[in-house]
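Basis for what follows: all heavy atoms, side chains included, without hydrogens, waters or symmetry-related copies. The chain is numbered in sequence order, starting from 1.
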Amino acid sequence: MNFVVDASFALAWVLQDEATVATDEILDSLGEGAKAFVPALWLWEIGNALLGVERRKRATTAEVGRHLTLLQSYPIEIDEAAVNQAWIGTHLLAQKHKLTGYDAAYLELAIRRGLPLATLDTELAAAAKAEKIEVFAAS
């Protein structure tokens, strides 16, 4: 099954101390023909989060490089149309659910594509459920 994945969930695929059975199961589904979709901002969110991991000495520069390479190897597709929604649908969802614009981008994408959302963010998960979007969470 295809799905939308946010940065919090995808980071658990490369940071072992954040992985759960649920995050591993969803990752396994990528190897079974599923595809993940992300807004373009996902690239910067992942990069920034891994910079923080490196700066806090949770991973070396080499490990972060391997994490980026691994994430790049997964069937994750950037949804270019998400950019066109930034000041319309995404903004309205952020207002409605008191989300950041970044988090609302994942929600907008899941709604528009009719796909489940994989997130570890509790506020984003609650907003997705309120919008009747299936949520893959850590539990």
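The salt bridge (Lys or Arg N to Asp or Glu O under 4.0 Å) analysis of residues 44-56, with sequence neighbours excluded, yields no pairs. Sorted by first and then second residue, the salt bridge (Lys or Arg N to Asp or Glu O under 4.0 Å) pairs involving residues 78-95 (not counting sequence neighbours) are Asp79-Arg112, Asp79-Arg113. The ring-ring contact (aromatic ring centres under 6.0 Å, His included) analysis of residues 61-86, with sequence neighbours excluded, yields the pairs Trp13-Tyr74. Each salt bridge (Lys or Arg N to Asp or Glu O under 4.0 Å) pair with one or both residues in residues 94-104, not counting sequence neighbours, appears once here: Lys96-Glu131. Evaluation of the salt bridge (Lys or Arg N to Asp or Glu O under 4.0 Å) test over residues 117-130, restricted to residues two or more places apart or in two chains, returns none.
Note that the OG1 atom of Thr100 and the CG atom of Leu124 stand 8.0 Å from one another [nearest 0.5 Å]. Annotation: the span from Lys132 atom NZ to Ile111 atom CD1 amounts to 11.5 Å, rounded to 0.5 Å. Between atom CZ of residue Phe9 and atom CZ of residue Phe3 there is a gap of 7.0 Å, rounded to the nearest 0.5 Å. Here CE of Met1 is found 5.0 Å from CD of Glu134. Values are rounded to the nearest 0.5 Å. In this structure, CG in Leu51 is found 11.5 Å from CD1 in Ile46, a value given to the nearest 0.5 Å.
Under the side-chain hydrogen bond (donor to acceptor under 3.5 Å, both in side chains) criterion, Ser8 pairs with Asp6, sequence neighbours left out.
With a 6.0 Å radius and a threshold of 12 heavy atoms from other residues, nucleotides or ligands, Glu77 has its CD atom above the threshold.
By the rule that hydrophobic residues join a cluster once side-chain heavy atoms approach within less than 4.5 Å of another member, Leu43 and Leu15 end up as members of one cluster. If you chain together hydrophobic residues whose side chains sit under 4.5 Å apart, Leu50 and Tyr102 fall into the same group. When the side chains of ILVMFWY residues are joined at heavy-atom separations under 4.5 Å, either directly or via intervening members, Leu70 and Val53 end up in a single hydrophobic cluster. Side-chain heavy atoms closer than 4.5 Å link hydrophobic residues (I, L, V, M, F, W, Y) into clusters, and following such links, even through other members, never connects Val83 to Trp42.
Across every non-hydrogen atom of Pro39 and Ile78, the tightest pair is C-CG2, 4.3 Å. Nearest heavy-atom pair, Ala137 versus Ala22, reported as atom, atom and distance to 0.1 Å: O-CB, 3.2 Å. For the pair Val5 and Ala36, the tightest heavy-atom approach, listed with the atom from each and the gap, is CG1-CB, 3.7 Å. Here the shortest heavy-atom pairing between Asn2 and Pro116 reads O-CD, 3.4 Å. Contact between Leu117 and Ala128 at its shortest, heavy atoms only, is CD2-CB, 3.9 Å. Heavy atoms only, all atoms of each residue included: Ala127 and Leu107 are closest at CB-CD2, 3.9 Å.
In this structure, the side chains of Leu109 and Phe37 come closer than 4.5 Å at one or more pairs of heavy atoms. Put simply, the side chain of Leu93 does not reach to within 4.5 Å of the side chain of Leu99, judged on heavy atoms. Counting heavy atoms from C-beta outward, Leu120 and Leu11 have side chains that stay 4.5 Å or more apart.
Side-chain atoms of Thr90 come within 3.5 Å of backbone atoms of Gln85 as a donor-acceptor pair (strictly under, hydrogens ignored).
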